[in-house]
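Notes follow once the structure below has been shown.
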Amino acid sequence: MKIVTVIGARPQFVKAAAVSRVLRESVQEIYVHTGQHYDQNMSGIFFHELGIPEPDYNLGIGGGLHGQMTGRQIEAIEEILIRESPDSVMVYGDTNSTLAGALAAVKLHIPIIHVEAGLRSFNRKMPEEINRVLVDHISTVLFCPTDIAKNHLAREGITTGVFVVGDVMMDSLHYFSDIAKTRSNILNLLNIEPQKYILLTMHRAENVDDDETLFTVLKALNTTRERIIFPVHPRTKSKIKQLLKQDRLIISSNIVMIDPVGYLDMILLESNAKLIMTDSGGVQKEAYWFRVPCITLRDETEWIETLESGWNQLVAIQESAICNALETALPSEIHPDYYGKGDAAVQIIKHLKEMARSN
Ligand code: UD1
Ligand code: UDP
């Protein structure tokens, strides 16, 4: 079996690390890195730290408008698929790289395997929602993290080739948690102690691209005395620079802005945080797995299970709402296993082999 895997953005490296480790024991896998994320601390460091094989193709296509990025990626991936003639194409999640890989494959009648299928925010203004809906509808094999995701697909008429396997990000978390404790020195480097800081990440276009949103979040955080550790995504960094130039933003000294960190540093920062505030999909789940209360700076989430048990709460971007949430976000007594056992990659490969045998 020969599979071409298309990846390109930070969360996809974390997911692919888990799957490729198992997949490559029995399958020929070719990596296409679209180049959507390209800084060393958004891409290279993940390959190095997580032992992900070097990409066979690196397209170097990142930045620009959605149509431009996706269109250029489709063109380049199509050429590779014609050359490699794989049995299937694997894509992860909901980024523009996911859509480009899937569209290039479907036009060549190559079956698509979608990992993290069936997620929905029901907000069609999010580029990710468009990407994931389209990819689910053209995929042949759909690996869902939860029954809820499977039900979303069923409601849209997608019932064949659908398997609930758990969450591949949990595989990575299990695999790398102890490794992070021995290899990461981030708490010392930042001179912080466990439970004495809040971890903040923010990069979602609908939050960051709007001046008022970023302004409001940072204003609310200025009012707390808590230390805030804020690894700043490149999208957010360029917006903050712009706002600082306009003299509109005041960032108080309790907010420690750092460059994006590698995965090992990140999971150590997460597991030791008193509280996590984020708009990231992956970080919401990781907060849940580490049993750290999470404030999600969005109106909706795809990971609705985390809300049920009270570990995660959606908070509107209003100064008073954020300040209130900072006071009230506490650990919950209940912590169901919503996302499987951390063996999603093994389940995925088992299903792929069974399908190959029956074809
Ligand atoms: C993308 C995904 C989003 C995902 C996020 C993970 C889409 C539509 N969005 O958003 O779903 O949650 O990745 O982090 O696919 N940039 C750099 N250096 C980099 C990477 C990006 O400077 O290494 C700049 C780009 O040039 C661009 C901006 O950051 O100007 C945003 O990057 P882009 O990949 O378009 O979107 P993300 O916000 O990263
Ligand atoms: N992450 C990281 N360093 C950072 C921020 C995030 O390693 O500075 C990891 C995080 O632990 C998670 C993944 O990146 O595994 C989530 O990616 P991101 O928040 O960029 O995207 P999303 O999950 O929202 O699509």
Side-chain angles (χ1 to χ4, degrees), residues 6-18 33-47 49-50 60-70 73 91-101 116 119 121 125-132 134-135 167-173 175-177 180 184 186 199-209 229-239 241-242 257-271 273 276 278-290 292 296-298 301-303:
V6 179
I7 48 181
R10 178 166 68 185
Q12 291 162 342
F13 309 140
V14 176
K15 295 166 198 178
H33 185 328
T34 61
Q36 178 169 349
H37 288 175
Y38 46 88
D39 293 342
Q40 173 60 17
N41 55 15
M42 293 293 290
S43 173
I45 191 171
F46 291 85
F47 284 80
E49 275 191 344
L50 310 188
I61 305 172
L65 296 171
H66 287 275
Q68 187 185 33
M69 185 201 294
T70 315
Q73 289 178 358
V91 292
Y92 291 90
D94 54 22
T95 72
N96 288 347
S97 300
T98 316
L99 181 63
E116 208 180 76
L119 272 292
S121 67
K125 287 201 173 140
M126 288 177 73
E128 293 85 359
E129 182 77 354
I130 304 298
N131 293 344
R132 56 173 88 100
L134 294 178
V135 173
D167 198 301
V168 293
M169 289 189 103
M170 193 198 237
D171 293 25
S172 278
L173 197 86
Y175 190 86
F176 289 107
S177 282
S184 168
I186 190 79
L199 179 66
L200 168 70
T201 83
M202 228 180 131
H203 71 273
R204 219 143 275 291
E206 64 268 25
N207 278 344
V208 171
D209 291 357
I229 305 297
F230 183 15
V232 188
H233 185 284
R235 175 189 288 278
T236 317
K237 192 176 191 174
S238 69
K239 192 68 184 184
K241 269 193 191 157
Q242 208 181 310
M257 293 205 285
I258 56 174
D259 283 334
V261 293
Y263 182 71
L264 300 183
D265 284 345
M266 185 62 182
I267 57 176
L268 215 65
L269 283 172
E270 288 174 342
S271 57
I276 294 178
T278 192
D279 60 8
S280 156
V283 176
Q284 284 175 65
K285 285 181 289 174
E286 288 163 351
Y288 183 74
W289 293 324
F290 282 129
V292 177
T296 295
L297 298 166
R298 286 180 52 193
T301 178
E302 299 76 21
W303 306 104

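Atoms within each ligand, like the ligands themselves, are counted from 1 in listed order.
- Taking every non-hydrogen atom of Glu128 and a distance limit under 4.0 Å, the qualifying atoms of ligand 1 come out as 3 (C), 9 (N), 11 (O).
- Nearest non-hydrogen protein atom to atom 9 (C) of ligand 2 is Met266 CG, 4.1 Å.
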*Just do the ring pair (Phe, Tyr, Trp, His ring centres under 6.0 Å) check on Phe47 and His33 with the steps written out, would you?*
CA-CA 11 Å; Phe47 284 80; His33 185 328; 5.7 Å; yes
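- Under a 4.0 angstrom heavy-atom cut-off, Ile267 registers as lying outside contact with ligand 2.
- If you look at Pro11 next to ligand 1, the close heavy atoms, those under 4.0 Å, all belong to the side chain.
- The protein heavy-atom contact nearest to atom 16 (C) of ligand 2 is Ser280 OG, 3.9 Å.
- Residue contacts with ligand 1: Met69 is included, with a non-hydrogen atom under 4.0 Å away.
- Within the model, atoms CG of Asp259 and CZ of Phe230 stand 11.5 Å from one another, a figure rounded to the nearest 0.5 Å.
- For atom 23 (O) of ligand 2, the nearest protein heavy atom (residue, atom name, distance) is Gly282 N, 2.8 Å.
- Nearest protein heavy-atom contact of atom 25 (O) of ligand 2 is Pro11 CG, 3.5 Å.
- For atom 11 (O) of ligand 1, a protein heavy-atom neighbour is found at a distance under 4.0 Å.
- Here the side chain of Ser271 pairs a donor or acceptor atom with the backbone of Leu268 at under 3.5 angstrom.
- Contacts between Glu128 and ligand 2 below 4.0 angstrom, taking non-hydrogen atoms only, are absent altogether.
- Thr98 and Glu128 share no side-chain donor-acceptor pair at under 3.5 Å.
- Of the protein's heavy atoms, Glu286 OE1, 2.7 Å lies nearest to atom 11 (O) of ligand 2.
- Neither the backbone nor the side chain of His233 comes within contact range of ligand 2; no heavy atom lies under 4.0 Å.
- Of the charged side-chain nitrogens involved, none lies within less than 4.0 Å of a carboxylate oxygen, so that Arg132 and Glu116 do not count as a salt-bridged pair.
- Regarding atom 16 (N) of ligand 1, its nearest protein heavy-atom neighbour is Tyr38 OH, 3.4 Å.
- The closest non-hydrogen atom to atom 8 (C) of ligand 1, taken over Thr98, Asn96, Thr95, comes from Asn96.
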*Kindly indicate, with the supporting measurements, whether the criterion side chain to side chain contact (heavy atoms under 4.5 Å, CB included) is fulfilled by Ile61 and Tyr38.*
CA-CA 9 Å; Ile61 305 172; Tyr38 46 88; over 6 Å; no
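- Ranking protein heavy atoms by distance to atom 33 (P) of ligand 1, first place goes to Gln36 NE2, 4.0 Å.
- Protein heavy atom closest to atom 30 (O) of ligand 1, with residue, atom name and distance, is Gly63 CA, 4.7 Å.
- The protein non-hydrogen atom at the shortest distance from atom 3 (N) of ligand 2 is Val261 O, 2.7 Å.
- At a heavy-atom distance under 4.0 Å, only side-chain atoms of Pro231, from C-beta outward, approach ligand 2.
- Here atom 39 (O) of ligand 1 lies nearest to His37 when heavy atoms of Met42, His37, Arg235, His203 are compared.
- Pairing each heavy atom of Val292 with each of Glu270, the nearest pair is CG2-O, 3.4 Å.
- A donor-acceptor pair under 3.5 Å links the side-chain atoms of Thr70 to the main chain of His66, judged by distance alone.
- When all heavy atoms of Ser172 and Val14 are compared, the pair lying nearest together is OG-O, 2.7 Å.
- Residues Tyr92 and Lys15 share a closest heavy-atom pair of CD2-CB, 3.6 Å.
- Closest to atom 24 (O) of ligand 2, if we only count protein heavy atoms, is Arg204 NH2, 2.6 Å.
- Nearest heavy atoms, Gln36 versus Ser97: OE1-OG, 2.7 Å.
- What sits closest to atom 37 (P) of ligand 1 on the protein, heavy atoms only, is His233 CE1, 3.7 Å.
- At the shortest separation from atom 4 (C) of ligand 2 among protein heavy atoms lies Arg10 NH1, 3.2 Å.
- In this structure, the separation between CH2 on Trp303 and NZ on Lys285 is 3.5 Å, given to the nearest 0.5 Å.
- Among all protein heavy atoms, the one lying closest to atom 18 (N) of ligand 1 is Asp39 OD2, 2.9 Å.
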